[in-house]
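Let me begin by presenting the structure, written as structure tokens, before commenting on it.
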Amino acid sequence: MTDLDPEDAKLVTLAKATRARVGSAEGAAVRDQDGRTYAAVPVQLSSLKLSALQVAVAMAVSSGATGLEAAAVVGRDEADADGAAAVRDFGGSAVHVFVG
């Protein structure tokens, strides 16, 4: 991930920091079209199960964002299918999802 644009590298750092702060195995961050960022870890309740990427997208949507520019997931080998679908649904197919 050394060739990332500085703004994308910030997303990866934010996802890592959020994961470490909470002690989670996974973290995610997204950047909306206004440059605001949202970071999250998975939600694992008996009544609600969301991946970190799904939570980050939901945070952006509920904050009034109108789309996404990029997303990052750490602690996984690939973006979860539901999280990637949420990114595509809200941001479109051109949104880059960085995985590390």
Side-chain angles (χ1 to χ4, degrees):
M1 293 202 182
T2 58
D3 295 338
L4 289 179
D5 171 273
E7 291 300 314
D8 296 334
K10 280 194 238 179
L11 268 187
V12 173
T13 299
L14 184 58
K16 286 180 180 180
T18 301
R19 176 181 74 161
R21 180 176 40 84
V22 177
S24 177
E26 177 186 348
V30 298
R31 183 175 60 248
D32 71 15
Q33 291 182 326
D34 293 327
R36 295 177 295 189
T37 55
Y38 309 87
V41 296
V43 171
Q44 298 293 325
L45 304 173
S46 58
S47 62
L48 179 65
K49 296 193 184 324
L50 297 171
S51 71
L53 191 52
Q54 287 176 303
V55 175
V57 171
M59 290 170 65
V61 171
S62 66
S63 294
T66 58
L68 298 176
E69 289 182 349
V73 179
V74 296
R76 295 184 68 103
D77 292 334
E78 61 185 39
D80 64 285
D82 292 333
V87 169
R88 283 191 309 273
D89 186 37
F90 185 55
S93 60
V95 175
H96 290 88
V97 179
F98 302 99
V99 180

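All values below were derived from every heavy atom in this structure, side-chain atoms included, with hydrogens, water molecules and symmetry-related copies excluded.
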Quiz prompt | Separation between CG of L50 and CG of D80, rounded to the nearest 0.5 Å | solution = 9.5 Å
Quiz item: S24 and R19: which non-hydrogen atoms are nearest, and at how many Å?
Solution: O-CG, 2.7 Å
Exercise. Check side-chain contact (heavy atoms from CB on, under 4.5 Å) between Q44 and all other residues, then give those that pass, not counting sequence neighbours.
Key: P42, K49
Quiz item: Between atom OG of S93 and atom CZ of R88, what is the distance when rounded to the nearest 0.5 Å?
Solution: 8.5 Å
List, one per line, each side-chain donor-acceptor pair under 3.5 Å for residues 34-41, sequence neighbours excluded.
from, atom 1, to, atom 2, distance (Å)
R36, NE, D32, OD2, 2.8
R36, NE, Y38, OH, 3.3
R36, NH2, D32, OD2, 3.0
Y38, OH, D32, OD2, 3.0

Practice problem: Take atom CG of D5 as the centre, draw a 6.0 Å sphere, and report whether it contains more than 12 heavy atoms from other residues, nucleotides or ligands. | Solution: yes
Quiz item: Where is the tightest heavy-atom contact between T66 and F90, given as atom of each residue plus distance?
Solution: C-CZ, 3.8 Å
Quiz prompt | Beyond-backbone contact of L53 with V30, side-chain heavy atoms, under 4.5 angstrom | solution = yes
Practice problem: Would you name the heavy atoms of A71 and V87 that are closest together and state the gap between them? | Solution: CB-CG2, 4.2 Å
Quiz item: Quick one: does L4's side chain get under 4.5 Å of K10's, heavy atoms only?
Solution: no
Quiz item: If Ile, Leu, Val, Met, Phe, Trp and Tyr residues are connected whenever their side-chain heavy atoms lie under 4.5 Å apart, and connections chain through other members, are V74 and V22 in the same group?
Solution: no
Quiz item: Looking only at heavy atoms, which two atoms of G27 and A52 are closest? And how far apart?
Solution: C-CB, 3.9 Å
Quiz item: To the nearest 0.5 Å, what is the distance between CD (Q33) and CG (L68)?
Solution: 7.5 Å
Quiz item: How close do D8 and R31 get, heavy atom to heavy atom, and via which atoms?
Solution: OD1-NH2, 2.9 Å
Quiz item: In terms of hydrophobic clustering (I, L, V, M, F, W, Y; side-chain heavy atoms under 4.5 Å; direct or indirect links), are L48 and M59 co-clustered?
Solution: yes
Quiz item: Which of these, T13, V12, L14, sits in a side chain to side chain contact (heavy atoms under 4.5 Å, CB included) with K16?
Solution: V12
Quiz prompt | Any L11 side-chain heavy atom under 4.5 Å of E7 side chain | solution = no
